Amino acid sequence: MRMSRYFLPILKETPADAQIVSHRLMLRSGMIRQASAGIYSWLPLGYRVLQRIERIVHEEQIRVGHNPMLMPTLQSADLWRESGRYDDYGEEMLRITDRHGRDMLYGPTNEELITDIVRSSVQSYRDLPLTLYHVQWKFRDEVRPRFGVMRGREFLMKDGYNFDVDRESAIHAYNRHMVSYLRTYERMGLKAIPMRAETGPIGGDHSHEFLVLAETGESAVFFDSRILDLSLGGRDVDTDSSEDCAAVFEAWTAPYARTDETHDPAKFEAAVPEDRRMNSRAIEVGQIFYFGTKYSEPMDARVVNEDGDRVFVHMGSHGIGVSRLAGAIIEASHDERGIVWPESVAPFHLGIVNLKQGDGDTDSASERIFARAGAAGLDALYDDRNERAGPKFATMDLIGLPWRITVGPRCLRAGMVELTCRRTGETDELEPDAAIERVRLSCHGP
RNA sequence: CGGAGUGUAGCUCAGCAUGGUAGAGCACUGCCUUCGGGAGGCAGGGGCCGCAGGUUCAAAUCCUGCCACUCCGACCA
C-alpha cells in the first residue's frame, strides 16, 4: 500500500477524551473514530489489525475442530422469553420493536439462538460432541462506556458453544477451550492468565476468565508469580485427548490466580509464599463457561443417549473479545513514541520510508523494494509522500510497524538501505534484498 | 443510575465574570527557502460559537429547556 493513497488520518495532538494509552494511540494513529458513546468506526489501519486478530482466532478454533458459522445481530425476543433471560438480562440488552410490533433485540450473546439451532437438528448422542462458534458484532448497552474499544457498547466478539452428551464430555470441551485460548493469546504476543471467575448472567458453576496484565486494566488481580513462567510454546497438545487437555488445565490452574471478584486473601496467603504473591491490574480478554443444562432444560434441548434415554445436553460457552484485544495488545506493547505491534497482528509487516521522494535514485530503489516485499509475501506500507524525514519517521513509529526499511541517498550510494526494528530500535545497513529477506524470515519463518 | 464537568474551525484550546464586527497554534491551499527525527517565511481558505426558546437596540457571552459527549462512583459474559 502506498501511503499517498492510503487513508491514514493521524493526529499530532492527543484527543481530549482519551484517557488510556491504547485509546489515545488508536485515535492518534487513525485506527478508529468514535461514532457515538462506546461505538466506533474502524478506519483502514484499525480494520487491518481487527482482521488479523480475527483470523488468528478463527485459525485456532478450526485447529481444534470447532465449526465456524455466522448468526445474526438481531434476534427475536421469543427465544429469550423461553430461556427466561428476556426479563433477567436487564437494561444492558438493547430492545427494539420492528414495524409489526414484534419485540426484537440486538444480541448481547447467543446461547438461545444456538440452542434453538442445535435442538432441532441434533437428536442423537452420535452427533455429539459438537462445538459451533462465530465472530459477530455484539451490543451491550453499557451504562458507562469508556476506554475506547476496551469497554464499548458495540464490539466484535468470538463466541462459541459446545454441546455434549454428559458432564465428562463437556468438561473435556471446557479444557480444550483453555488450551485453544492459551495458544490464541500466545500467538498475539500476550501473556493471558486464566483466573477462576464468577459466572454472572451466563450462569453455570465452572468458569475462568483470561486476563492480560496492564496498569490500566479494569480488574484487580492476585496471583502466584509462578504462573507467569508457564507457556505452551511449540508444545503439541492433542486436543482430542481429554487427558492431554486436563493436564494443561491442571498446570495452568494449579497456581493461585484470581480476580477481585473471587479473591480469598486467607487462601492466597496460605497457598503462596510471600515473595511470589503478586497483585496487579489486568484486562479481561476472554472467558469460558461450563453451565451444564441451564439452557437445554428450559429450551428442551435433548438427545437420545446410548441407553435410549432422552437426556438434556450439557453445554458451555466461550468468548474472546476480538475488538477489545486490539486495545489490550496496545496496552501491553507500546512506548513513548507509539504502538509496537507484534508481528502476528501488525497492520503491515514493514514500512518503507523514502527519504527523498522525487529523487530518481531513491524513488526507483524504494519502488523496487516495495515490489520485492510484495513478491515475498509481505504487506508493506510505502511512505511515498513528499514529506521531510521527521514526519515520516514519527508516523512509522506511531503506527508501530515491526520493521522499517529506510531508503536515503546517503546509504544508497553504497547500495545499502537501513533496516530498523521497531521494538528494539536496532538498525542495520544491508543490501535491499537482504533486508527484505530478514523481514520475511522474521514474519513468515524459513 | 447518583455526583461533577464540557460543547467555539478537522485537532488542541482562548474569548464568556463586565453583551458591541469570531480568535490562536497545529492541520489544509498556493509560492519561496529548507531537506536523515513532527522546519521557516509570505499569502490564503475554512465557523448557524451543540439545538430551541427567552431577555436586550444588540447574545458565543445573560436566563430557561433540551441534546450530545467526558470524568468519578455504582454497575459490568
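Heavy-atom basis, side chains included; hydrogens, waters and symmetry copies ignored. Letters go in sequence order (proteins before strands), and every chain restarts at 1. In this text, all values refer to a predicted model and were calculated from it rather than measured experimentally.
Between the CD atom of Glu429(A) and the P atom of G36(B) there is a distance of 16 Å, rounded to whole Å. If you measure from atom OH of Tyr89(A) to atom C1' of C75(B), you get 13 Å, rounded to the nearest angstrom. Regarding Glu336(A), its CD atom lies at a distance of 17 Å from the P atom of G37(B), rounded to whole Å. Here the P atom of nucleotide A39(B) and the CZ atom of Arg385(A) are 12 Å apart, to the nearest Å. Gln34(A) places its CD atom 9 Å from the C1' atom of U70(B), with the value rounded to the nearest Å. Between Leu27(A) atom CG and U70(B) atom P there is a gap of 11 Å when expressed in whole angstrom units. Atom CD in Glu142(A) sits roughly 10 Å away from atom P in C76(B) (whole-Å rounding). Rounded to whole angstrom, the span from the CG atom of Leu11(A) across to the P atom of C13(B) amounts to 12 Å.
In this entry G37(B) has no Watson-Crick or G-U wobble partner, no candidate having both defining distances under 3.5 Å. In this structure, G65(B) and C51(B) make a Watson-Crick or G-U wobble pair, each of the two defining distances being under 3.5 angstrom. Pair assignment for G2(B): C72(B), on the basis of Watson-Crick or G-U wobble contacts that are both within less than 3.5 Å. Nucleotide G46(B) forms no Watson-Crick or G-U wobble pair with any nucleotide shown, as no partner meets the under 3.5 Å limit on both distances.
Rounded to the nearest Å, the gap between the C1' atom of U18(B) and that of A39(B) is 43 Å. For the C1' atom pair drawn from C11(B) and G38(B), the interatomic distance equals 15 Å after rounding to whole Å. Spacing between G15(B) and U21(B) at atom C1', rounded to whole Å, works out to 15 Å. G7(B) sits 14 Å from C66(B) when the C1' atoms are compared, rounded to a whole Å. Across C16(B) and C62(B), the matching C1' atoms stand 10 Å from one another, rounded to whole Å. Rounded to a whole angstrom, the distance from the C1' atom of A60(B) to that of A17(B) is 15 Å. Of the P atoms belonging to G23(B) and C48(B), the separation is 15 Å, rounded to the nearest Å. Atom C1' of U61(B) sits at a distance of 33 Å from the matching atom of G73(B), rounded to the whole Å.
Among the candidates Val165(A), Leu128(A), Asp164(A), the single residue satisfying the side chain to side chain contact (heavy atoms under 4.5 Å, CB included) test with Val313(A) is Leu128(A).
Nucleic acid contact for Phe155(A): base, since at least one base atom lies under 4.0 Å from a heavy atom of the residue. Contacts of Asp397(A) with the nucleic acid, taken as non-hydrogen atoms under 4.0 Å apart, include base atoms. Using a 4.0 Å heavy-atom distance criterion, Arg153(A) is classed as making no nucleic acid contact. Within the 4.0 angstrom heavy-atom criterion, base atoms lie near Thr395(A). Base engagement by Leu355(A) is indicated by at least one non-hydrogen atom pair under 4.0 Å involving a base atom. Within 4.0 Å (heavy atoms only), Glu91(A) reaches no atom of the nucleic acid at all. Across all strands, Ile10(A) comes closer than 4.0 Å to base atoms (heavy-atom distances). Arg324(A) comes within 4.0 angstrom of nothing in the nucleic acid, heavy atoms only. Glu418(A) comes within 4.0 angstrom of a nucleotide base, judged by non-hydrogen atoms across all strands. Residue-level contact check: Pro9(A) touches neither bases nor backbone, having no heavy atom under 4.0 Å from any strand. Residue contacts for Gln19(A): at a heavy-atom cut-off of 4.0 Å it reaches the sugar-phosphate backbone alone, with no base atom in range.
For the pair Glu59(A) and Arg55(A), the salt-bridge criterion is met [side-chain N within less than 4.0 Å of a carboxylate O]. Ion pair Arg48(A)/Asp379(A) flagged as a salt bridge, since at least one NZ, NE, NH1 or NH2 atom sits closer than 4.0 Å to an Asp/Glu carboxylate oxygen.
More than 90° away from 0 lies the glycosidic angle of A27(B), which makes this nucleotide anti. Taking the syn range as angles within 90° of 0, the glycosidic angle of C48(B) is syn.
Relative to the six-membered ring of Phe393(A), Arg337(A) misses at least one condition, a distance below 6.0 Å or an angle of at most 45° to the axis. Stacking of Arg2(A) on the aromatic ring of Tyr382(A) is not recorded, the 6.0 Å distance cut-off and the 45° axial limit not both being met. Note that Arg258(A) lies outside the cation-pi zone of Phe222(A), set by a 6.0 Å cut-off to the ring centre and a 45° limit from the axis.
Each of Lys158(A) and Glu13(A) was matched to the nucleotide of RNA chain B holding its nearest heavy atom; the match closer to the 5' end belongs to Glu13(A). The residue among Lys392(A) and Gly286(A) whose nearest nucleotide of RNA chain B lies closer to the 5′ end is Lys392(A).
Side-chain atoms of His349(A) and Arg440(A) include no donor-acceptor pair closer than 3.5 Å. Side-chain polar atoms of Arg85(A) and Tyr295(A) form a donor-acceptor pair below 3.5 angstrom.
For Arg388(A), taking side-chain heavy atoms from C-beta onward, the closest of the listed nucleotides G36(B), C35(B), U70(B) is C35(B). The side chain of Phe393(A) has G36(B) as its nearest neighbour among G36(B), G25(B), A39(B). The side chain of Asp17(A) lies closest to C69(B), out of G38(B), C71(B), C69(B). Of the candidates U12(B), G36(B), C71(B), U12(B) carries the atom nearest the Pro15(A) side chain, counting heavy atoms from C-beta on. In this structure, of C69(B), C26(B), A74(B), it is A74(B) that holds the atom nearest to the side chain of Arg146(A). Out of A74(B), C76(B), G37(B), the shortest distance to the side chain of Ala389(A) is found at G37(B).
Glu387(A) contributes no side-chain N or O that forms a donor-acceptor pair with the base of G37(B) under 3.5 Å. Between the base of G36(B) and the side chain of Arg404(A) there is no donor-acceptor pair shorter than 3.5 Å. For G36(B), the base has no donor-acceptor partner in the side chain of Arg413(A) [N/O atoms by modelled type, under 3.5 angstrom]. A donor-acceptor contact under 3.5 Å is formed by the side chain of Arg151(A) with the base of C76(B).
Ring pair Phe268(A)/His263(A): centre-to-centre distance below 6.0 Å.
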